Amino acid sequence: MAETTGSGTTADASAPQPRKSSWKYIGPGIVVAATGVGAGDLVATLIAGSNFGYTLLWAAVIGCVVKISLAEAAGRWHLSTGRTLFDGWASLGRWTTWFFVVYVVIWGYVYGAAAMSSSGLPLQALFPDVMELKWWGILTGLVGLVFVWFNKYAVFEKVMTVLVGIMFVVTVYLAIRVTPNLGHAFAGLLPVLPDEKDSILNTLGLIGGVGGTITLAAYGYWVNAKGWTNTGWMKVMRLDNRVAYITTGVFVVAMLFVGAELLHSANVAIASGDKGLVQLSGILEKEYGTATAKLFLIGFFATSFTSLIGVWHGVSLMFADFVERYRKQRAGADSASLSGEEVASGAREKSVPFRAYLLWLTFPPMILLFQGQPFRLIIIYGVLGAAFMPFLALTLVWLLNSSRTPREWRNGWLSNGMLSIAGLLFLVLCIKQISDQDWGSFF
């Protein structure tokens, strides 16, 4: 591999031979698609379909295109520089490290409870007389912990692929079952805003909510974990990334079809949040029978559990990367770069920091399953979550236009345009979410 220095120049004149893009290599894209599309994304899309029919189909498609650009940029940084994304962030200043640390600690604590609850809901609906929701949630968290603790990336990817297959079959089956009006669906590809108050912000919210937050940043780590560590894999990574968000697009469009046909046409409203999917299973049972409702709940579980184990694995890799850099700095190696080859070796997946963050995601959040979510913490969680996507988009613009990236792989006009649009979009959504918080009660 050609070593890349901090200035972005290559120390080895022999560039890696490009590998031919092939479907047989696909993997990290499936993982990022499965992790990024959680139950909340499906509910948001269902509600958009139930409120506006097919009107916002174009917004869902644009959301996928925006995320393709972000994930491609993260993967390109890892492959073109040989350095990890956290290493790139750290080169921008100490403020990025502080933001990341506060984010993963608070976000991980609250997300852990949300992911366990979301994964437990469909199991409780499938087996209502076995145990309470909080115990189902704890069980899924423990299963996720044990699975990620004892398996490296290769096994993790295979299991995620199976669960994505289940998600794909269920969502496409439901979309066909409700008999979509294809004429109206094609009309929904025209960029039209609903005629109601705050329609622009609602539309931006749908675009921004399609598949992934910190999991987009984790994509580069999964690319390395797959064994792709240099520019020879660039074409493969780009194909893999497109597959990821085409798959995401299928999930989202299918659920929008269900919302438009099953809910909008009958003027049926469902609750926001994961419980909306449990409501939908009841509606499906009345319309299409018990078998369809059970199949949907299985797909609901696959959707939630892939998000759980995806975050358990991907964000733990990022945290291990942060700790390793901190350790090297304390040892006096201030200029030492963190390489993708270290991630590819699999050593990080067995490291103490990796497993420590796994424990943080699993056990402390169980307290929230019993006590409810503390108000002030939820506000901070919401603000940090809203701030992460503009942080990711704008730091990628910075990194990929600087001498930190080899000239050949820096942003072109299209990448700069898409990342800038993404940064502005998420900045608007961040400001809206911060302004919507109940700050009066907070203080």
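Computed from a predicted structure; not experimentally measured. Residue numbers count from 1 along this sequence.
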Decide whether [X] and [Y] meet the rule of one side-chain donor and one side-chain acceptor closer than 3.5 Å.
| X | Y | answer |
| --- | --- | --- |
| T81 | R404 | no |
| Y221 | D321 | yes |
| Y153 | N224 | no |
| T292 | Y173 | yes |
| H313 | W222 | yes |
| S119 | S304 | no |

- [ ] Grab the two heavy atoms, one from W409 and one from T231, that are nearest each other, plus how far apart they are.
- [x] NE1-CG2, 3.3 Å

Task: Trace of the salt bridge (charged side-chain N to carboxylate O under 4.0 Å, His left out) decision for R325 with E342 - done: CA-CA 12 Å; R325 182 179 179 85; E342 293 177 72; over 6 Å; no

- [ ] Measure the CZ-NZ distance between F370 and K134 for me, rounded to the nearest 0.5 Å.
- [x]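 Spacing of CZ (F370) from NZ (K134) equals 6.0 Å.
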
Open item on the list: Do the side chains of K226 and E157 get close enough for a salt bridge, i.e. N-O under 4.0 angstrom?
Closed with: yes

Task: Parallel, tilted or perpendicular: ring planes of F296 versus F300, cut at 30 and 60 degrees - done: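 Judged by the thresholds at 30° and 60°, the geometry between F296 and F300 is tilted.
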
Open item on the list: For the aromatic rings, using the six-membered ring if either is Trp, is the centroid distance between Y25 and W233 under 6.0 Å?
Closed with: yes

